[in-house]
Amino acid sequence: MRHANWRGLSFCLPSGDDIFHKKIFNFVNEIPDAVELLQTKPTGTLVVIGACFGATVLAGVKLAGMSRAVAFEPDPRNLALLKRNLAENDVEDRVTVVPAAAWSSPGVLRLESSEDRNIGDSRIVLGVKEGTSHKVIAVTVDKALEDFKSGKITVLVASDV
């Protein structure tokens, strides 16, 4: 693991991930710049679909001032990095992590994890690719956010299905 620090944020990233180390500065600048462009007060809840290692989530809650975030991330490797980076930046209490893929209907999907060179390149695959993909839970964003509002986010893991 390598540490990357930028604008007061700290990230743990795999040592071999060349692509994200080069692009991290773009990720942490996206949310504050977008909020400024929209001229809104960033006091609401940020929803991030495919949160990966947490750059956009952290930029939203730490730099842009969003009060909360809901982060969807189905890839187990990225999920571990996301949780580690949230803890590293002391924002676990402001971020609800949904360990599932956001999809049009609930169910089980197959996720093909990316190479270690680019952890952000995981993707849902239709059809079975034995050995290169694994099962993940899929939830609808509407249902997950409804549950979030009521304080009861519950997501199964694929091995429970």
Side-chain angles (χ1 to χ4, degrees), residues 1-4 9-31 34 44-61 66 68-89 91-161:
M1 283 292 159
R2 276 198 283 187
H3 265 78
L9 302 176
S10 177
F11 298 97
C12 292
L13 294 168
S15 298
D17 192 333
D18 304 327
I19 295 169
F20 270 81
H21 284 284
K22 290 176 185 171
K23 292 183 178 180
I24 194 166
F25 306 119
N26 294 335
F27 282 105
V28 296
N29 285 317
E30 284 176 359
I31 295 298
T45 300
L46 172 67
V47 177
V48 179
I49 307 219
C52 196
F53 64 92
T56 303
V57 173
L58 289 169
V61 296
M66 302 298 289
R68 300 220 13 96
V70 177
F72 292 80
E73 180 51 57
D75 188 305
R77 178 184 49 190
N78 291 344
L79 188 61
L81 283 172
L82 171 63
K83 289 178 179 181
R84 182 173 178 175
N85 288 329
L86 295 177
E88 181 103 4
N89 289 276
V91 295
E92 311 98 318
D93 61 330
R94 293 172 55 195
V95 180
T96 300
V97 175
V98 180
W103 202 250
S104 58
S105 59
V108 178
L109 298 171
R110 295 203 66 85
L111 181 79
E112 185 171 64
S113 293
S114 61
E115 301 173 15
D116 287 339
R117 277 196 71 243
N118 183 4
I119 61 170
D121 193 27
S122 298
R123 60 191 74 206
I124 298 297
V125 292
L126 302 177
V128 177
K129 288 188 173 186
E130 292 300 323
T132 63
S133 64
H134 54 278
K135 290 181 184 179
V136 294
I137 291 294
V139 297
T140 65
V141 174
D142 291 345
K143 176 68 171 125
L145 293 180
E146 185 181 299
D147 289 349
F148 169 76
K149 285 182 188 176
S150 68
K152 59 170 186 157
I153 288 247
T154 304
V155 179
L156 297 171
V157 293
S159 60
D160 292 337
V161 178

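The side-chain hydrogen bond (donor to acceptor under 3.5 Å, both in side chains) search around Arg68 returns Thr96, not counting sequence neighbours. With sequence neighbours left out, Thr140 forms a side-chain hydrogen bond (donor to acceptor under 3.5 Å, both in side chains) with no residue at all. In this structure, Glu92 has no side-chain hydrogen bond (donor to acceptor under 3.5 Å, both in side chains) partners at least two apart in sequence or on a different chain.
For the residue pair Leu82 and Gly54, the shortest heavy atom distance occurs at CD1-CA, 3.5 Å. Pairing each heavy atom of Leu109 with each of Ala101, the nearest pair is CD1-CB, 4.4 Å. Closest non-hydrogen pair, Val48 versus Ala51, comes out as CG1-CA, 3.7 Å. The shortest heavy-atom contact between Ser105 and Ala138 is O-CB, 4.0 Å. Closest approach of Ala100 to Phe72, counting heavy atoms only: O-CB, 3.9 Å.
The backbone N or O of Met66 sits less than 3.5 Å from a side-chain atom of Arg94, completing a donor-acceptor pair.
Interatomic distance, Leu81 CG to Asp75 CG, rounded to the nearest 0.5 Å: 9.0 Å. The CD1 atom of Ile137 lies 12.5 Å from the CG atom of Leu111; values are rounded to the nearest 0.5 Å. Distance check: Phe53 CZ to Arg84 CZ gives 13.5 Å after rounding to the nearest 0.5 Å. A distance of 9.0 Å separates CG in Leu58 from OG in Ser10, rounded to the nearest 0.5 Å.
In this structure, Leu46 and Val70 have side chains that are not in contact, with every pair of non-hydrogen atoms separated by 4.5 Å or more.
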